[in-house]
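Quick note: numbers below take in every heavy atom, side chains included, and nothing from hydrogens, waters or symmetry partners. Chain naming here is simple, since letters A, B, ... match the order of the sequence lines and numbering starts at 1 in each.
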Protein chains: 2
Amino acid sequence: MRSRPPTIKDVAEQAGCGIATVSRVLNGTGSASADTRRKVLSAAKALGFEFSALGRSLQSSSTKTLGCIVPSLANPVFAEVVQAAQQEAHREGFQLILACSEYDEVLELQAARTLIAKQVDGLVLTVNNAADSEALELIRDRNLPCCLVYNRSSFGLPAWAVDNRAAAREVARAFHSQGHVQTGFLALRFHRSDRSRERYEGFAAACREFGMADPLLLEIEEQDGTLLELLGTLLAEHQALTGIFASNDFLALAAMKAARALGKRIPDDLSLVGFDGISTGLLVDPHLATVETDPRTMGQGAVHSVLARLLDRPTPDLPSAAATFSFRAGGSLGPPVPGKADGREAATSLPSNE
Amino acid sequence: MRSRPPTIKDVAEQAGCGIATVSRVLNGTGSASADTRRKVLSAAKALGFEFSALGRSLQSSSTKTLGCIVPSLANPVFAEVVQAAQQEAHREGFQLILACSEYDEVLELQAARTLIAKQVDGLVLTVNNAADSEALELIRDRNLPCCLVYNRSSFGLPAWAVDNRAAAREVARAFHSQGHVQTGFLALRFHRSDRSRERYEGFAAACREFGMADPLLLEIEEQDGTLLELLGTLLAEHQALTGIFASNDFLALAAMKAARALGKRIPDDLSLVGFDGISTGLLVDPHLATVETDPRTMGQGAVHSVLARLLDRPTPDLPSAAATFSFRAGGSLGPPVPGKADGREAATSLPSNE
DNA sequence: ATGAAAGCGCTAACAC
DNA sequence: GTGTTAGCGCTTTCAT
């Protein structure tokens, strides 16, 4: 049986004094005679007493807790965001309550409600669609300190975000300078991610700007289970494309795998560019060309912004748009090589040596 | 300015009734006249009232919150564990407070303390060294519902763990059946992870059993920054090894990259086997041979175990040792090919087609 | 220096 | 059917 944890009252009793004295001594606030102090201290130790954050929070109306909502931890980008956010919060004595929206707006709203009910002091979150998120609306209405991550600012909330359109333009520029004309944009859960759509729109606009063909939008709804097969089918249907920009690195890597299964050489038969800059992209051969972002800085920055508001500190500077990403070239991005792709011949080519 | 959120008292006042009535109506407990009900409901809506979990928890001494401690979210295995744990907790109406120990026992203990102070109803965690974790001791002393993940049972706590020794034995068996004799065990943060040590010990014992040479222990302390260089040096120093078992997949993939940079062909010049079964291992070419585990099942199961104890439900069955992993062969594991490794020649070999 | 008491938001036992 | 009240653990006046 779990015996009720000792309370301040138990300590007071054991020490033979009032609860106020215990509070004062243990918190180092107010004064006490050396004798009382000793008695309180030893009583507390004997009982294994620790303050309950509950009573304290109720009293102070501050839980020292931040809510954190991300779509999923399966994407390493969000795992890193959360990890960094947790660390930064911890440094300031705050805990993190984690919720995953699973790319679902209903869950997202529900999570926001729950966290608000738990009286979190602030929130850090990536929403599915910042422009019309009920969760954000709720938070804004409650006037709760909050910062977005990887979403562009919305509802007047601060945001640590990547400039998706500018980044996508760099990708288009890179494809163009390598001589690509027919490209595709590969997206997973397109309608459930404003990031993905911004990347597509920026890419399409830039392709036009550089005189390339409009990129083909290749949407995928399913999850990992059959992902490789779906990609295989998709790639087989669009042999004319010489380059594909994927909405994130994981998808790009999967596409690379699927393309290889089709006998395609990367980048000769098909160039691939991802988005995010996850470390795995550097472990494959050739490495994945991508838009590198910095999830750690984002997560940390977002917490910092929230805490600044909470603790009345100067608001931290948001990074300039240009500083939110950097393009990683080479590897899976090269000039298109004319001629029919063939698995056997491809196999005799030298692997890139980067 | 953020105005104080409305309390039950505000609603009672607005509805012209007592707070108990409000509580009864809004909680659907007890009865009320249709008229009162209507007034309360509309008052609550008008005020945007939501119960504060704080007052409720203080009263019920249950926070509907679970603590979760993992070493890091950088390892996808733990990211998945946490994600699954969060989902399972959510299904039962529980939230998750997340803490990362960063492979540090001090942080681990501190996290446990904080979570206990926050009055979490239970804990799910992976500790650095289960056998002598002060955090576990604390939790055990408090008699708090708790379940370990990826650690073997310790302090009498239930555990959803992989049978590291048995799994490592399968790895040794695989190496042996391919004709390997001189192998190495590559470990990151060896002394900070009982999992890693168990894998090594099981591997070493099994190598002996199969008549192979004792595996060379290759330890690495540093983090990612210079990881590839360190690995390159290490591999260059141990050219005699034909096979390496890495303590986790990420490390194995990094080793693969480093080996290639040295001009080694995988698996001809060097066979590699990882541990965990992260999805990335299937995206590289050749795929990574590894011990597949199921982090989602582990995370979910652990929460389930804790909740069972919390809600007085029958204790779920832990998986049998043999069911905690499965060996994935092929790909980066093949027979050792005699002859000096050379980058140029290696380049002309056919890539594996799995 | 220290104790008594109010009050944070809520639920439940008890009156009426 | 509904209001009053005690009490969950704590901090903080306010007396003494």
Side-chain angles (χ1 to χ4, degrees), chain A residues 2-41 43-44 47-65 114-121 142, chain B residues 2-41 43-44 47-65 114-121 142:
Chain A
R2 190 150 109 68
S3 55
R4 169 182 70 65
T7 76
I8 197 173
K9 206 183 285 184
D10 299 321
V11 180
E13 194 170 330
Q14 173 106 8
C17 68
I19 59 168
T21 305
V22 175
S23 173
R24 280 189 287 253
V25 169
L26 260 27
N27 284 310
T29 165
S31 49
S33 74
D35 187 52
T36 332
R37 179 186 314 286
R38 205 169 13 77
K39 280 196 287 195
V40 167
L41 254 21
L47 266 47
F49 170 79
E50 303 234 19
F51 283 109
S52 158
L54 235 45
R56 194 175 275 185
S57 292
L58 187 55
Q59 209 290 133
S60 65
S61 66
S62 156
T63 52
K64 292 287 212 170
T65 302
T114 307
L115 293 176
I116 289 175
K118 290 253 179 189
Q119 309 288 102
V120 295
D121 293 337
R142 298 255 183 231
Chain B
R2 189 151 111 67
S3 55
R4 169 181 70 62
T7 76
I8 196 173
K9 206 183 283 182
D10 299 320
V11 179
E13 194 169 331
Q14 173 105 9
C17 67
I19 59 169
T21 305
V22 175
S23 172
R24 279 189 288 252
V25 169
L26 260 28
N27 285 311
T29 165
S31 50
S33 74
D35 188 52
T36 331
R37 180 187 313 286
R38 204 166 16 73
K39 279 197 286 196
V40 168
L41 254 21
L47 266 46
F49 170 79
E50 302 235 18
F51 283 110
S52 158
L54 235 45
R56 194 174 273 185
S57 293
L58 187 55
Q59 177 338 100
S60 66
S61 66
S62 157
T63 52
K64 293 287 212 171
T65 302
T114 308
L115 293 176
I116 290 175
K118 290 254 180 190
Q119 308 288 104
V120 294
D121 292 337
R142 296 257 186 238

(Q) Of all nucleotides in DNA chain C that come within under 4.0 Å of a heavy atom of chain A, which is furthest toward the 5' end and which toward the 3' end? (A) C:dA1 to C:dG9
Q.
List the residues meeting side chain to side chain donor-acceptor pair (under 3.5 Å) with A:Arg24, not counting sequence neighbours, and say none if there are none.
A. none
Q: Would you mind building the protein contact string for nucleotides 10-15 of chain D? One character per nucleotide, 5' to 3', B for base within reach (heavy atoms under 4.0 Å), S for sugar-phosphate only, - for untouched.
A: BBB---
**Q.** Atom of B:Val25, atom of B:Arg37 and distance for their closest heavy-atom approach
**A.** CG1-CG, 4.0 Å
Q) In chain order, what residues pass the side chain to side chain donor-acceptor pair (under 3.5 Å) check against B:Lys118, with sequence neighbours excluded? A) A:Thr65
Q: Return the 5'-most residue of the pair B:Ala32, B:Leu58 with respect to DNA chain D, ranking by each residue's nearest nucleotide.
A: B:Ala32
(Q) Tell me the interatomic distance from B:Arg37, atom CZ, to D:dG3, atom P, rounded to whole angstroms. (A) 14 Å
Please tabulate, for side-chain N and O atoms in residues 7-22 of chain A, each donor-acceptor pair with protein atoms closer than 3.5 Å (sequence neighbours left out).
residue: A:Thr7; atom: OG1; partner: A:Lys9; partner atom: N; Å: 3.1
residue: A:Asp10; atom: OD2; partner: A:Arg4; partner atom: NH1; Å: 3.1
residue: A:Asp10; atom: OD2; partner: A:Thr7; partner atom: N; Å: 2.7

Q. If you take all heavy atoms of A:Ala117 and B:Phe51, which pair is closest and at what distance?
A. CB-O, 3.8 Å
Q: Under the side chain to side chain contact (heavy atoms under 4.5 Å, CB included) rule, collect the residues that match up with A:Leu58, sequence neighbours excluded.
A: B:Leu54, B:Leu58
Q | Distance in angstrom units between A:Leu26 CG and D:dG9 C1', rounded | A | 13 Å
(Q) Angle between the two end axes of the helix from C:dA1-D:dT16 to C:dC16-D:dG1, five base pairs per end, rounded to 10 degrees? (A) 50°
Q: Give one of base, sugar-phosphate or nothing for B:Ser57, where a contact means two heavy atoms less than 4.0 Å apart.
A: nothing
Q | Counterpart residues, side chain to side chain donor-acceptor pair (under 3.5 Å), relative to B:Thr114 (two or more places apart) | A | none
**Q.** By salt bridge (Lys or Arg N to Asp or Glu O under 4.0 Å) - contacts of B:Arg38 (at least two apart)
**A.** B:Asp35
Q.
Restricting to side chain to side chain donor-acceptor pair (under 3.5 Å), what partner residues turn up for B:Ser33, sequence neighbours left out?
A. B:Thr36
Q: Please name all residues satisfying side chain to side chain contact (heavy atoms under 4.5 Å, CB included) with A:Ser62, sequence neighbours left out, ordered by chain then number.
A: A:Ser60, A:Lys64, A:Asp121
